[in-house]
Number of protein chains: 2
Amino acid sequence: MSEQLAFEAAFEAAGHRLTRPRRALAELIEARGGAFSAADLVSDARARRLGIGRATIFRALELLEEIGALDRINLPTGEHAYVPCSPAHHHHVVCRRCGRSVEIGDLGLSSLARDVARSTGYRIDEHRFELFGLCPDCLQAPTPA
Amino acid sequence: MSEQLAFEAAFEAAGHRLTRPRRALAELIEARGGAFSAADLVSDARARRLGIGRATIFRALELLEEIGALDRINLPTGEHAYVPCSPAHHHHVVCRRCGRSVEIGDLGLSSLARDVARSTGYRIDEHRFELFGLCPDCLQAPTPA
DNA sequence: GTTTTTGCAAACCATTTGCAGGGTC
DNA sequence: GACCCTGCAAATGGTTTGCAAAAAC
């Protein structure tokens, strides 16, 4: 399956209709190639005069998150962002400048969570680990600060 | 220094005025003993008829976060919450039922972040690790589900 | 007395919802 | 053709801001 079609495929695989707006959004997301906000998509869509409503965008994002094609994360600033992900992994390194993100594996975090459970007495149901910084490209760009 | 006064002290130590509303909020926060939302404080304040405006609450929270006395985290649901913290640590285990939270140390996450930096080429500036589940008390309570 | 802080109300921003029409299977 | 999906506009919920009065130092 072409990487280009990942999001379109995700809709279909999950039994949802592949409509024009959804196709268009899938493309926009792929074009972004990293983390983005709902507002980013709204303005992308507006810029390309796609005539897609805000509501549709939010609904599509919600759907893609349920499906597991996107993960909704929180930037250090507190804003929400969505990042593409394969269903299995759920940790990301996000470039705070361009939004490009890389998925990282479990890296022992699950067992670390188990240790914490043991030492605190909590039952741990969920954990989040997110890393922020600059991607290699942005590190070399003019104003990396 | 009495634990009771931690938040009042935080205001003063950072060179801010210790006003009646701030004192009151410090108490409310301490009374909560764990994670809470801005809305929680607003309703606590209203319930006790303290006559503190919403804006004041948000401003105080912002301030305490800047100072490092509170950490603003994101619950798995996407809602914002604030959790008390000592300036040095920045990882928490939060009970999704009662909000009680425990701080945990670095646990090797910094070095893990360094490993990720090495393998991805990103420069990592910041990381977040948050754990959610049920605290020991809530595990024993009637409806732990 | 000067400067910071407050409360109020209005503004703002992101996200959600109701609904009638349109598109997809 | 049935049901899902869309766009619009209005509602919502959370957070911020402007400003004159009040409190703190």
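What you see below is based on every heavy atom in this structure, not just the backbone, and it leaves out hydrogens, waters and symmetry mates. Sequence lines set the chain letters: A, B, ... in the order given, protein chains first and strands last, and positions in each chain run from 1.
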Has [X] got a side-chain N or O lying under 4.0 Å from the OP1 or OP2 atom of [N]?
{"X": "A:Arg17", "N": "D:dT6", "result": "no"}
{"X": "B:Arg22", "N": "C:dT5", "result": "yes"}
{"X": "A:His16", "N": "D:dC4", "result": "no"}

Revision key, fill the gap. Of C:dT5, D:dT15, C:dT15, the nucleotide closest to the side chain of A:His80 is C:dT15
Check your understanding: Is the number of heavy atoms from other residues, nucleotides or ligands under 6.0 Å of A:Arg54 CZ greater than 12?
Key -> no
Exercise for review: Using the closest heavy atom to pick a nucleotide of DNA chain D for each, name whichever of A:Thr19 or B:Leu18 lands nearer the 5' end.
Suggested key: A:Thr19
Study note, to complete from the structure: Heavy-atom nearest nucleotide on DNA chain D taken for B:Glu12 and for A:Pro21; more 5' hit belongs to A:Pro21
Exercise for review: Please test A:His91 against A:His127 for side chain to side chain donor-acceptor pair (under 3.5 Å), starting from the C-alpha separation and ending with a verdict.
Suggested key: CA-CA 10 Å; A:His91 303 303; A:His127 67 265; 3.3 Å; yes
Check your understanding: Would you call B:Arg32 and B:Asp44 a salt bridge, taking side-chain N to carboxylate O under 4.0 Å as the test?
Key -> yes
Review point. Can a salt bridge be assigned to the pair B:Arg23 and B:Glu8 using a cut-off of 4.0 Å between side-chain N and carboxylate O?
Key: yes
Check your understanding: Do A:Leu112 and B:Ile124 belong together in a cluster built from hydrophobic side chains that touch within less than 4.5 Å?
Key -> yes
Check your understanding: Are A:Val42 and A:Val83 connected, step by step, through hydrophobic side chains (Ile, Leu, Val, Met, Phe, Trp, Tyr) whose heavy atoms are closer than 4.5 Å?
Key -> no
Practice item. Could you check which residues of residues 50-66 of chain A get a heavy atom under 4.0 Å from DNA chain D? Sort them by number, please. Key: A:Gly51, A:Ile52, A:Gly53, A:Ala55, A:Thr56, A:Arg59
Separation of [N] [atom2] from [X] [atom1] (nearest whole Å):
{"X": "A:Phe11", "N": "C:dT24", "atom1": "CZ", "atom2": "C1'", "result": "14 Å"}
{"X": "A:Arg20", "N": "C:dT24", "atom1": "CZ", "atom2": "P", "result": "9 Å"}
{"X": "A:Leu41", "N": "D:dT6", "atom1": "CG", "atom2": "P", "result": "14 Å"}
{"X": "A:Arg23", "N": "C:dG23", "atom1": "CZ", "atom2": "P", "result": "14 Å"}
{"X": "A:Leu25", "N": "D:dC5", "atom1": "CG", "atom2": "P", "result": "14 Å"}
{"X": "B:Asn74", "N": "C:dT15", "atom1": "CG", "atom2": "P", "result": "12 Å"}
{"X": "B:Asp40", "N": "D:dG13", "atom1": "CG", "atom2": "C1'", "result": "14 Å"}

Check whether any side-chain heavy atom of [X] sits under 4.5 Å from a side-chain heavy atom of [Y], and report yes or no.
{"X": "B:Glu79", "Y": "B:Asn74", "value": "no"}
{"X": "B:Leu75", "Y": "B:His80", "value": "no"}
{"X": "A:Arg22", "Y": "A:Leu25", "value": "no"}
{"X": "A:Phe36", "Y": "A:Leu70", "value": "yes"}

Check your understanding: What nucleic acid atoms does B:Ala39 come within less than 4.0 Å of, heavy atoms only: base, sugar-phosphate, or nothing?
Key -> nothing
Review point. Looking across every strand, which nucleic acid part, if any, lies under 4.0 Å from A:Arg72 by heavy atom: base, sugar-phosphate, or nothing?
Key: sugar-phosphate
Study note, to complete from the structure: Per-helix bend value, the helix from C:dG1-D:dC25 to C:dC25-D:dG1, C1' rotation axes over five pairs per end, 10° rounding, shows 40°
